[in-house]
Amino acid sequence: MSIPAYYSPEKKHSEHKLDTELTNVKKIVGASGSFAALTLDGDVITWGTIFSGGNIYSDKVNHANELTNIVDIKTNTNGYSTIRQDGDITSWQGIWDIAAEIQFGEYIKYYYYDQNRPSHVGFSDAFIKASPDSVTSFTSNEGAYLLTEKAKRESSPHFILNSWGFKELGAGLTNIKLPGKVDKVFPHKTGFTIYTDQGHIYNIDVPNEIAVIKKIETTI
């Protein structure tokens, strides 16, 4: 469904309440106005505002069937991302209302979901399949996610890097191969900084709205 040229975001207060007792909880993370709990059984339960991911029980969103056998979960304050035991990655950002002005100040209500997210939102999904046993880091900043894995079939240690989420905050890098092993990853406002066991430092930033990774030259 097309949306007229003039529109403005409009949020209506809507949230899911936690109406069952949490048990066997392994981890709880929080976005802006919502929460997600990962249980020891690998299930994910969310509650809170639908605008930041407390919406997986909605028939329209229908992420509930994908959120089983989960091994880890992260939030980027706007939503959540999970890794399943079989390597599938699921990200969700919430439901948004758009009041589209048609004429004489009259508005028609539209809704967009993860599967019909407008291009101007600038969100890139994770079109990868992870290997949970090979993951060396899984982290997020305020709008993007970063995953690194040990590269296989290499004569020397290498790692593979992927990022997804909001492009202006470091997302959009796919299958970048770099030497060494990941030691530490630090998220920052517009990207990430990665330290390796070889003393190398890589910085992800977003000049000209495209995420790039650069090696930082250091001297001892």
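Computed from a predicted structure; not experimentally measured.
Atom OH of Tyr80 sits about 12.0 Å away from atom CG of Leu67, to the nearest 0.5 Å. Atom CG of Leu169 sits about 9.0 Å away from atom NZ of Lys189, to the nearest 0.5 Å. A distance of 14.5 Å separates NZ in Lys181 from OG in Ser137, rounded to the nearest 0.5 Å. Taking CG of Asn203 as the start and CZ of Phe192 as the end, the distance is 11.0 Å to the nearest 0.5 Å. Rounding to the nearest 0.5 Å places CD1 of Ile204 at 4.5 Å from CD1 of Ile213. Separating the CZ atom in Phe186 from the OG1 atom in Thr139 is a distance of 10.0 Å, to the nearest 0.5 Å.
When hydrophobic residues (I, L, V, M, F, W, Y) are linked wherever their side-chain heavy atoms come within less than 4.5 Å, the members clustered with Val71 are Ile83, Ile89, Ile128, Val135, Phe138, Tyr145, Leu147, Trp164. Chaining together hydrophobic side chains whose heavy atoms lie under 4.5 Å apart leaves Val206 on its own.
Note on Ile201 and Ile176: separate hydrophobic clusters, where clusters join Ile, Leu, Val, Met, Phe, Trp and Tyr whose side-chain heavy atoms are under 4.5 Å apart, directly or indirectly. With hydrophobic clusters built from ILVMFWY side chains whose heavy atoms lie under 4.5 angstrom apart, Ile70 shares a cluster with Val29. Taken together through direct or relayed side-chain contacts under 4.5 Å among Ile, Leu, Val, Met, Phe, Trp and Tyr, Phe35 and Val25 form part of one hydrophobic cluster.
Legend: residues meeting salt bridge (Lys or Arg N to Asp or Glu O under 4.0 Å) with Lys27, ordered by chain and number and at least two apart, are Asp72. Listed by chain and residue number, nothing satisfies the salt bridge (Lys or Arg N to Asp or Glu O under 4.0 Å) test with Asp43 (two or more places apart in sequence, or in another chain). When the ring-ring contact (aromatic ring centres under 6.0 Å, His included) test is applied to Phe159, no partner is found at least two apart in sequence or on another chain. The ring-ring contact (aromatic ring centres under 6.0 Å, His included) test applied to Phe123 returns Phe166, not counting sequence neighbours. Lys152 pairs by the salt bridge (Lys or Arg N to Asp or Glu O under 4.0 Å) definition with nothing, not counting sequence neighbours. With sequence neighbours excluded, the residues that form a salt bridge (Lys or Arg N to Asp or Glu O under 4.0 Å) with Asp125 are Arg117. By the side chain to side chain contact (heavy atoms under 4.5 Å, CB included) test, Ile210 pairs with no residue at all, sequence neighbours left out. Lys177 is linked by a side chain to side chain contact (heavy atoms under 4.5 Å, CB included) to Glu154, His158, Ile160, counting only residues two or more places apart in sequence or in another chain. Every side chain to side chain contact (heavy atoms under 4.5 Å, CB included) that Ala37 has, sequence neighbours left out, goes to Leu22, Ile28, Trp47.
Residues Ser163 and Leu146 approach most closely at CB-CD1, 4.1 Å, considering heavy atoms. Minimum interatomic distance between Gly172 and Ser124 (heavy atoms only, all atoms of both residues): N-OG, 3.6 Å. Shown here for Ser131 and Glu149, the closest heavy-atom pair between the two residues is N-OE1, 2.8 Å. Taking each heavy atom of Pro187 and Asn141 in turn, the nearest pair found is CB-CB, 3.8 Å. Considering every non-hydrogen atom in both Leu40 and Lys26, the closest pair reads CD2-CB, 3.7 Å. The two atoms that bring Pro132 and Ala130 nearest to each other are CD-O, 3.5 Å, heavy atoms only.
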Dump the intermediate steps for side-chain contact (heavy atoms from CB on, under 4.5 Å) on His188 and Thr193, then the final yes or no. CA-CA 8 Å; His188 54 81; Thr193 301; 3.5 Å; yes
Go through Leu178 and Thr196 one step at a time and tell me if the side-chain contact (heavy atoms from CB on, under 4.5 Å) criterion holds. CA-CA 10 Å; Leu178 296 168; Thr196 76; over 6 Å; no
Could you walk me through whether Asp41 and Asn24 pass the side-chain contact (heavy atoms from CB on, under 4.5 Å) test, one step at a time? CA-CA 7 Å; Asp41 297 323; Asn24 298 321; 4.0 Å; yes
Can Ser32 and Thr77 be said to form a side-chain hydrogen bond (donor to acceptor under 3.5 Å, both in side chains), step by step? CA-CA 5 Å; Ser32 178; Thr77 75; over 6 Å; no
side-chain contact (heavy atoms from CB on, under 4.5 Å) evaluation trace for Val44 with Thr90: CA-CA 11 Å; Val44 171; Thr90 300; over 6 Å; no
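Residues Ser34 and Thr46 form no side-chain contact, since every pair of their non-hydrogen atoms from C-beta on lies 4.5 Å or further apart. Side-chain contact check for Thr174 versus Phe127: every heavy-atom pair is 4.5 Å or farther apart. Within the 4.5 Å cutoff, the side chain of Asn69 has no heavy atoms near those of the Asp86 side chain.
Under a 3.5 Å cut-off, the side chain of Asn78 and the backbone N or O of Ser52 do not form any donor-acceptor pair. Side-chain atoms of Thr75 come within 3.5 Å of backbone atoms of Gly79 as a donor-acceptor pair (strictly under, hydrogens ignored). With hydrogens and angles ignored, the 3.5 Å screen pairs no side-chain donor or acceptor of Ser81 with any backbone N or O of Lys74.
Using cut-offs of 30° and 60° on the angle between ring planes, the pair His200 and Tyr202 is perpendicular.
Annotation: salt bridge (charged side-chain N to carboxylate O under 4.0 Å, His left out) contacts involving residues 127-143, sequence neighbours excluded, comprise Asp88-Lys129.
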